[in-house]
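All heavy atoms count here, side chains included; hydrogens, waters and symmetry mates do not.
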Amino acid sequence: MTAYPIPTHLKPFLTPLGEKNSELSVTGVIRCKCGHLLFTPYANEAGTVAAAKCRSCGSKILLFHAGRHGWDGFVAKAGYLYDLSGRLTAMDTCPHCRQKTAFGLRVSITSAGRQDFIDESELTDEDGNALSEEDWVNAFDSFRLDVICAACGKSTDSVIDIETA
């Protein structure tokens, strides 16, 4: 069974779609623990933090935070990423049909793979803390969030599209 680069914090929520997923990339939808697929997405203006609120049960999910996730946040501990100021703004109106609505969420993540993580990190983070081979999924290279309008079905690509390494 091929392992996908699904970060630990997204494992309960990210359901891979299609047959093109591999150790180097995965694309899937976000599903709340309650099973619902529609959310109100949130992002900061810089595109460095994304979250979602389930439209059924109200649960909140942190999708991405550049100061914690990806190679720069998880392994390199890039200090400048920890203070990611800026209010998260809700996306509750479709830019295509202009209706106030919920959105489906599609996430794409790329990775250099497990062996690259082991070789490059030498299984320690920038602060000298030990990492395990299983942590490779948290040291991904890029994160992309697209939203799909529940009213008109059109996709708004790249609400967030960021390299993390």
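- For the residue pair N138/T8, the side-chain donor-acceptor check at 3.5 Å is satisfied.
- Between H96 atom NE2 and T101 atom OG1 the span is 12.0 Å, to the nearest 0.5 Å.
- A 4.5 Å side-chain heavy-atom check between K33 and P12 finds at least one atom pair inside the cut-off.
- The two residues P16 and N21 come nearest to each other via the heavy atoms CB-ND2, 3.6 Å.
- In this structure, CZ on F39 lies 5.5 Å from SG on C32, to the nearest 0.5 angstrom.
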Can you list the steps and then say if T164 with I162 is a side chain to side chain contact (heavy atoms under 4.5 Å, CB included)?
CA-CA 6 Å; T164 62; I162 187 169; 4.2 Å; yes
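- Between D157 and D146, the closest side-chain pair of non-hydrogen atoms falls below 4.5 Å.
- In this model, a donor atom of one side chain and an acceptor atom of the other lie less than 3.5 Å apart for T40 and R55.
- The closest donor-acceptor contact from the side chain of D135 to the backbone of S132 lies under 3.5 Å.
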Show your reasoning for whether side chain to side chain contact (heavy atoms under 4.5 Å, CB included) applies to L14 and I30.
CA-CA 5 Å; L14 183 61; I30 299 296; 4.0 Å; yes
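- In this structure, E134 and R114 have side chains that are in contact, with non-hydrogen atoms separated by less than 4.5 Å.
- Listed for the D125 side chain is a donor-acceptor partner under 3.5 Å among the backbone atoms of D127.
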